[in-house]
Amino acid sequence: MRHFSRLLRIGASTLAAAMMLPSMSAHADYTGAPRTFLFNPAVQIPFSDTAKFKKKPPYVIGFSNAGLGDSWRVVMQHSLMKAASEHPDLIKQIIITNGNMDDAKQAADIQDLSSRGVDLMIVSANTQKALDPVVTRVMKQGIPVVMVDRRIASDNFVSFVTGSDAMMGRLWAQWIVEKLHGKGNVIMLAGQAGSSVSADRETAAKQVFSQYPDIKVLDTVYSDWSPVKAKQQMQAMISKYGHTINAVWCAHGLPVAGSIDAFVAAGFKAGEIPPHTTADLNGPLQLALKYKIPMLEIGYPPSMGGTSIDVALKVLAGQPLPKIYEISPQIAVTRGDETASVPHPDQYIDEIVDKNGPPDELIDGGMGPGYNPATFKVKLPGEK
C-alpha cells in the first residue's frame, strides 16, 4: 500500500516547498498528483484557458521531436505513440517528425505540420531560442502548441509538460553541498548548450552553489548528452584539476558513465571517485555500486511523452490546465549518502538498479513489462 512517509526539505530552494517521497518497491512509479504542484508555495499558479481551442474529435495531432539522438528521447517518443494508440476514438491521425537535433530541420518540420492542418501540435524543441519564432507563429495561426521535455524561450504555448528541471538542478546541488559539508570544488557537467532542460537545471544549481562561499564551481562543460563527449570533457577536467575535484554535478544520467570512465582511466580506485548526480539510466547506478560512488538519482521520466498526449486531449476538450504541467520524479540515493535535504529515502539505488540489465535501460520509462525499444511497435491512429 502506497503512503507518504517523509518530507523532503529542499534547502536553499526558491520554491521553499516540501516534497514527499512515496513508499515504493523497485521500479515502482509514484502515481499521485505532481508533488511540485501540490507543494508549490504560490497561491495562484498560472493556468491556460483553452476554451477557444475546443473542438469535436477526432483530431489530427502533430508531434515535432527535436530528434532521436539518445535512448531517453527514443523511449519518450514511444511513450507518446503508445498513449496515442490508446485513443483511436479521439485521435484520427498523429504525424511525427524527427528534427535530427538540428534547429533548421525542426523549424521546417513545424512549418510543414502547420500546413497539413493539424488541430494541435506537440513540440519538443531542440534549442529554446532558435525554435521560438516558428512556434510563436504557429500559436498566432490559432494552432495550440503543447511543449514537452524542452520548451521555447517565450511563453507562447498552451502548456509545457516537464519534470521540473529547476527542482532537479537545485536538489542535486543542495545534496552536493551537504555531502561536502559546505566546502569543496565542483565540476558542472551540463547537457546541450541552448537546451532549456540543461539551461534551467544549471541556473537553479548555480543559485544553490552561490549561497555557499566555500563551494567553488571550477568549470561548466557541455556533454551534448553524450557519454563519449562527457568522457573527453572530464578527462580534460581531471588533467587540469586532478584530485581537487570533490563532486561532479551532472545534468542527467546520459553523461555520467563517460565521467566515471574518465576517473577510472585516470587511476581513481573504488571509493575515490567523487560524488555524482544522475537521472533515469541504469548504467550510472551500476557503476555507482561497482566503484562505491556516492550518487543521487532524480528521475526525469520519458513517460512525459504519453502525458503530453493526455494534456493535448484536455486542450482540445477546452479544459483549463497549468501552464507548466510538471510530472513527479522518483528519487533515490546510495546507502549511507543521505543528507539533511535528502534524508532516509523510501528507495535506494541498489533497490532500483537492474543489476544485469543494459546500461542504457531507462529505469523509469513507464512502458510496462516486456518493453524493448528495439522491437517496439504500435499501430497509430490513421495507420492502415
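Nearest heavy-atom pair across Lys179 and Pro294 is CE-CB, 4.1 Å. In this structure, Asn98 and Leu68 approach most closely via the heavy-atom pair OD1-N, 3.7 Å. In this structure, Arg201 and Trp249 approach most closely via the heavy-atom pair O-CZ2, 3.4 Å. Scanning all heavy atoms of the two residues, the minimum distance from Asp214 to Gly182 falls at CB-O, 3.3 Å. Pro144 approaches Asp119 most closely through the heavy-atom pair CD-O, 3.2 Å.
Atoms NE2 and CG, from His243 and Asn185 in turn, are 13.5 Å apart once rounded to the nearest 0.5 Å. In this structure, Gln128 CD and Ser195 OG are separated by 7.5 Å, a value rounded to the nearest 0.5 Å.
You'll find the side chain of Arg137 stays beyond 4.5 Å of the side chain of Lys140, heavy atoms only. With contacts defined as side-chain heavy-atom distances shorter than 4.5 Å, the pair Val123/Leu131 does not qualify.
Heavy atoms of other residues, nucleotides or ligands lying less than 6.0 angstrom from OH of Tyr325 number 12 at most.
Gln192 and Ser198 are not linked by any side-chain donor-acceptor pair at a separation below 3.5 angstrom, with hydrogens and angles left out of the test. Using modelled atom types, one finds no donor on one side chain facing an acceptor on the other under 3.5 Å when comparing Glu178 with Tyr212.
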(message) Let's go through Met167 and Ile298 carefully: what are the C-alpha distance in whole Å and the side-chain angles of both, what is the deciding distance for side-chain contact (heavy atoms from CB on, under 4.5 Å) to 0.1 Å, and is it a yes or a no?
(response) CA-CA 10 Å; Met167 181 279 294; Ile298 304 178; 4.1 Å; yes
(request) Carefully, step by step, assess Gln211 and Gln207 under the rule side-chain hydrogen bond (donor to acceptor under 3.5 Å, both in side chains). (result) CA-CA 7 Å; Gln211 297 177 65; Gln207 287 178 337; over 6 Å; no
(request) Show your working on side-chain contact (heavy atoms from CB on, under 4.5 Å) between Thr220 and Lys206 and close with a plain yes or no. (result) CA-CA 10 Å; Thr220 301; Lys206 288 176 180 177; 3.7 Å; yes
(request) Evaluate side-chain contact (heavy atoms from CB on, under 4.5 Å) for Phe263 paired with Ile293, printing each intermediate quantity in order. (result) CA-CA 11 Å; Phe263 280 99; Ile293 306 167; over 6 Å; no
(request) Any chance you could lay out the side-chain contact (heavy atoms from CB on, under 4.5 Å) test for Val135 and Asn156, step after step, and finish with the verdict? (result) CA-CA 7 Å; Val135 171; Asn156 294 325; 5.6 Å; no
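Salt-bridge annotation for Asp109 and Lys105: present, with a side-chain N of the basic residue lying under 4.0 Å from a carboxylate O of the acidic one. Electrostatic pairing of Arg151 and Asp200 does not count as a salt bridge here, judged by no charged N lying under 4.0 Å from a carboxylate O. Under the 4.0 Å criterion applied to side-chain N and carboxylate O atoms, Lys323 and Asp155 are not assigned as salt-bridge partners.
Legend: residues meeting ring-ring contact (aromatic ring centres under 6.0 Å, His included) with Tyr241, ordered by chain and number and at least two apart, are absent.
Applying the side chain to side chain donor-acceptor pair (under 3.5 Å) definition to pairs two or more places apart or across chains, those involving residues 365-382 are His78-Tyr371.
A centroid separation of 6.0 Å or more is found between the aromatic rings of Tyr291 and His276.
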